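Comments concern the structure below.
Remember, predicted model here, so these are calculated numbers, not experimental data. A, B, ... follow the sequence lines: proteins, then strands. Residue 1 opens every chain.
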There are 2 protein chains.
Amino acid sequence: MVLDCSPKLDVVFHALAHPARRAIIRQLSGGERNLSELASPLRMTFPAATKHVRVLEGAKLVRRRIAGRQHLCRLHAAPLKEAMLWTEQFRRNWEARFKVLDSLLDEMKSEEQSRSRRR
Amino acid sequence: MVLDCSPKLDVVFHALAHPARRAIIRQLSGGERNLSELASPLRMTFPAATKHVRVLEGAKLVRRRIAGRQHLCRLHAAPLKEAMLWTEQFRRNWEARFKVLDSLLDEMKSEEQSRSRRR
DNA sequence: GGTTTACTATACCAAATGGTATTACAATGT
DNA sequence: ACATTGTAATACCATTTGGTATAGTAAACC
């Protein structure tokens, strides 16, 4: 079970709670970018933009490698998965036909398991 | 496409970025609760707890109805779905076998389309 | 060598956040 | 009538957040 008190979830959800940081994530989903490339589409100063990148690094959503004078960032989306798993727990609360979906989910799960057994 | 600049996502992700609020959501996923019930398991004063409930109401995640002197809260999980849809966009970035999944997704999409054409 | 270029660091600010304590009020129980 | 319960409202506090301006460093270029 995904615990509510996970400090990871705190920082991940907080990192996602700002449009600039979500825009950065979207940019990085297209591949590696340096800080200038990430900052330029944002309507703020460069230092402000790099602060947002630091927040994303704190949430382990972004990793940075230094190449000469450029700082190249890449997305590490694994924490997003954990965030989604927490959210997923409440799917039945927004899904009207949740019984149908639950059975479908179970079906897919068992199918997945039998597939991995065959491997 | 789910836009990064949606103010809804801001407030929803922010609402999720606190363990107390996630605990409240989990409690409410089990059904209606009044404020005292929500506050008692949280390690904080009552006013602090009700502030968190207000934040959740601001994110449209919680609705309140007043019955006598009790304020009964219920979960309205729909905004969680939107948050998950945004996150879902980056599934391929954490999923190793994303090509397999993408083709599966396309398959489901075209199946869905042909179903809606038949309707 | 000197000038861009890419980025960091620091200081500073206003506003929001997360909490407390306290007071007040209305509905309920005895 | 009175005490208790469930909640609101206010004031207050420390800390964090999101931004700016400015100065500084280090690599690349002419």
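Following rounding to the nearest Å, F46(A) (CZ) and dA23(D) (C1') show an atom-to-atom distance of 15 Å. Regarding H18(B), its NE2 atom lies at a distance of 14 Å from the C1' atom of dA16(C), rounded to whole Å. What separates CD1 of I66(B) from P of dA27(C) is a distance of 10 Å, to the nearest Å. Residue R64(A) contributes atom CZ, which lies 9 Å from atom C1' of dC7(C) at whole-angstrom precision.
Ion pair R92(A)/E95(A) not flagged as a salt bridge, since none of the NZ, NE, NH1 or NH2 atoms sits closer than 4.0 Å to an Asp/Glu carboxylate oxygen.
Close to dG18(D), at under 4.0 Å from its OP1 or OP2, lies no side-chain N or O of R54(A). For dA8(D), one of the phosphate oxygens OP1 or OP2 lies less than 4.0 angstrom from a side-chain nitrogen or oxygen of H71(B). For the OP1/OP2 pair of dT20(C) and a distance below 4.0 Å, the side-chain nitrogens and oxygens of T45(B) include at least one atom meeting the criterion.
Counting only heavy atoms from C-beta on, H52(A) has its side chain closest to dG19(D) among dG19(D), dA6(C), dT7(D). When each of dT8(C), dA6(C), dA21(D) is scored by its nearest atom to the side-chain atoms of S36(A), the top-ranked nucleotide is dA6(C). Distance from the side chain of A48(B) is smallest to dT20(C) among dT20(D), dT20(C), dG18(C).
Taking a 6.0 Å sphere around CZ of R63(A), one finds it holds 12 or fewer heavy atoms contributed by other residues, nucleotides or ligands.
Checking R43(A) against A67(A), the closest nucleotide of DNA chain D that is more toward the 5' end is the one next to R43(A). Take the nearest nucleotide of DNA chain C for R69(B) and for P47(B): the residue whose nucleotide is more 5' is P47(B).
Not counting sequence neighbours, R43(B) has no partner by the salt bridge (charged side-chain N to carboxylate O under 4.0 Å, His left out) test.
A ring-ring contact (aromatic ring centres under 6.0 Å, His included) check over residues 23-47 of chain A, counting only residues at least two apart or in different chains, returns nothing.
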